2 protein chains.
Amino acid sequence: MRESTGGTRERIKAVALELFTEQGYEKTSLREIAERLDVTKAALYYHFKSKDEIVTSFVEDRLELIDELIAWAEAQPPTLETRRALIARYADAMFTSEQPSVMRFFEQNQTVLKSLSAGQQMRGRLMKLAEALFRGDDSPSAQLRATLSLFAVHTSWFAVRTPHISDEERRRIALEVADELLAPIGQPAGPAR
Amino acid sequence: MRESTGGTRERIKAVALELFTEQGYEKTSLREIAERLDVTKAALYYHFKSKDEIVTSFVEDRLELIDELIAWAEAQPPTLETRRALIARYADAMFTSEQPSVMRFFEQNQTVLKSLSAGQQMRGRLMKLAEALFRGDDSPSAQLRATLSLFAVHTSWFAVRTPHISDEERRRIALEVADELLAPIGQPAGPAR
DNA sequence: GTCTATATGCAGATAGAC
DNA sequence: GTCTATCTGCATATAGAC
């Protein structure tokens, strides 16, 4: 417990993220977060002026990161190579980060997040990311494929149930499937039978 | 408003489903549901003994339906044809039903549903459905593909952003992509590059 | 920077009249 | 089958002492 000096804000973020992800935003009370940290509710209000400001705090880092990816992609030609590189970079961000669970939190709290500005921003950003993935081919199937390739990355943590599988292996599988989904995008015609 | 006699229970279900889906389960109060129906909260308690019993009421129909699909699939050989037929039947159920939004509700309230028994049952059932889709090939990539094929059906309503597109067209696109995802399952080796 | 104490409000739920 | 009235509890949030 070395970090008790000054690190309180970070500890609040970490605990809140964990509880929000597990139980949901609405079901997690500030009392619960405070108890877990062995402080009082009032202490939380010193660090964050409201409950949803806690959410904002850990969503913002991700927004920046996604913005960078989008900007990078838009500077590239809309080729398959670009799409693949983009999803790979995104997967790196998801798997590498110290807190991969920000996206899990987001997935698990979609509806609630609609009414939070942080949530709306994140929603918008993921839309733009999907757009960057199908850029140059806005056919319905390309749109669906692009979105699903993001889901491949997001859901591999639970969709792959094999026990004891490593994160690196999950990432590899996710990208294998994502690549296949991206392949037909931008082709003259989809792989209709 | 012909159904005002006796149809109250159904009207409650319909409004609750809509609000739960849009705003989330926790954020939607019984007061809000009651106001929308122009009745009092107490009236709701005549029809349902608790808030989560409302959820249970509209989840149960779906459970049965999914159970039938699973049972059917398990009676078939684990071939690609079976997988494709299964996802097609599932898509029919999703798109045909009078209330396709039950699954939307479920997607949007995952975390909250963890603590509701109806939610746990639905979770379990979707897991089994995914298993039925990769039956005979439990490789990690097959598991991910099977899960994503379900997502293709579930998410086509928002992932495909083309305006004025019909439900039938969405269903067709979803199945096109789902079929592609299912194709490599059960093959000697995945389509590694 | 963290505390105690408290304000204020709405949630889910029940009792019992009509 | 729907109402009014009310219970009980916990939520977010604030004021002000230490």
Side-chain angles (χ1 to χ4, degrees), chain A residues 1-59 105 109 111-119, chain B residues 1-59 105 109 111-119:
Chain A
M1 298 301 158
R2 187 108 340 184
E3 58 192 348
S4 56
T5 316
T8 307
R9 192 186 154 94
E10 291 309 310
R11 288 169 64 227
I12 293 171
K13 280 173 71 167
V15 168
L17 177 57
E18 186 185 336
L19 292 178
F20 289 166
T21 304
E22 268 170 38
Q23 313 178 337
Y25 175 79
E26 297 282 348
K27 273 214 140 161
T28 305
S29 66
L30 295 180
R31 181 187 50 76
E32 205 175 349
I33 296 172
E35 272 172 12
R36 183 100 148 219
L37 287 166
D38 220 33
V39 296
T40 61
K41 276 192 293 177
L44 301 186
Y45 279 96
Y46 172 80
H47 293 282
F48 298 93
K49 79 172 211 295
S50 72
K51 190 182 180 183
D52 66 59
E53 216 194 72
I54 301 179
V55 173
T56 305
S57 77
F58 54 65
V59 163
F105 158 78
N109 290 275
T111 309
V112 175
L113 282 168
K114 273 196 213 170
S115 51
L116 262 47
S117 76
Chain B
M1 296 301 158
R2 187 110 339 187
E3 57 193 348
S4 56
T5 317
T8 308
R9 193 186 154 95
E10 291 309 310
R11 288 169 66 226
I12 294 171
K13 280 173 70 167
V15 168
L17 176 57
E18 184 185 336
L19 292 177
F20 289 167
T21 304
E22 268 170 39
Q23 313 178 337
Y25 176 79
E26 299 280 350
K27 273 214 140 161
T28 304
S29 65
L30 294 181
R31 181 187 51 74
E32 206 175 348
I33 296 172
E35 273 172 11
R36 183 101 146 216
L37 288 166
D38 220 34
V39 295
T40 62
K41 272 195 296 176
L44 302 185
Y45 278 96
Y46 172 79
H47 294 281
F48 298 94
K49 78 173 213 293
S50 72
K51 189 182 181 183
D52 67 61
E53 216 195 71
I54 301 179
V55 173
T56 305
S57 76
F58 54 65
V59 163
F105 158 77
N109 290 276
T111 309
V112 175
L113 283 168
K114 272 195 215 171
S115 51
L116 262 46
S117 77

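In what follows, every chain begins at residue 1, and chains take the letters A, B, ... in the order their sequences are listed. Just so it is clear, the structure is predicted and the values come from calculations on it, not from any experiment.
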The side chain to side chain donor-acceptor pair (under 3.5 Å) partners of B:T28 (sequence neighbours excluded) come to B:Q23
(request) Please assess A:T56 against A:F48 for the test side chain to side chain contact (heavy atoms under 4.5 Å, CB included), listing each intermediate value before the final yes or no. (result) CA-CA 10 Å; A:T56 305; A:F48 298 93; over 6 Å; no
Under a 4.0 Å heavy-atom criterion, the protein footprint on nucleotides 3-18 of chain C, written with B, S and -, is BB------SBBBB---
Any side-chain N or O of A:Y46 less than 4.0 Å from the OP1 or OP2 oxygen of C:dT2?
-> no
note: A:E53, atom CD; D:dT12, atom P; distance rounded to Å ~ 15 Å
So, with a heavy-atom separation below 4.0 Å from DNA chain D, the residues of residues 111-118 of chain B are none
Practice task
Check the pair B:L113, B:L116 against side chain to side chain contact (heavy atoms under 4.5 Å, CB included), reporting the backbone distance first and the verdict last.
Solution key: CA-CA 5 Å; B:L113 283 168; B:L116 262 46; 4.0 Å; yes
Of all heavy-atom pairs linking A:K41 and A:A34, the shortest is N-CB, 3.6 Å
From CD1 of B:I12 across to C1' of D:dG1 the rounded distance in Å is 10 Å
The side chain to side chain contact (heavy atoms under 4.5 Å, CB included) partners of A:E18 (sequence neighbours excluded) come to A:E22, A:R36
Sorted by chain and number, sequence neighbours left out, salt bridge (Lys or Arg N to Asp or Glu O under 4.0 Å) with A:K49 holds for A:E53
So the ring pair (Phe, Tyr, Trp, His ring centres under 6.0 Å) pairs with at least one residue in residues 8-36 of chain A (sequence neighbours excluded) are A:F20-A:Y25
Kindly say if B:T8 contacts the phosphate of D:dT2, meaning a side-chain N or O under 4.0 Å from OP1 or OP2. yes
Quiz item: Are any non-hydrogen side-chain atoms of B:L30 and B:I54 less than 4.5 angstrom apart?
Solution: yes
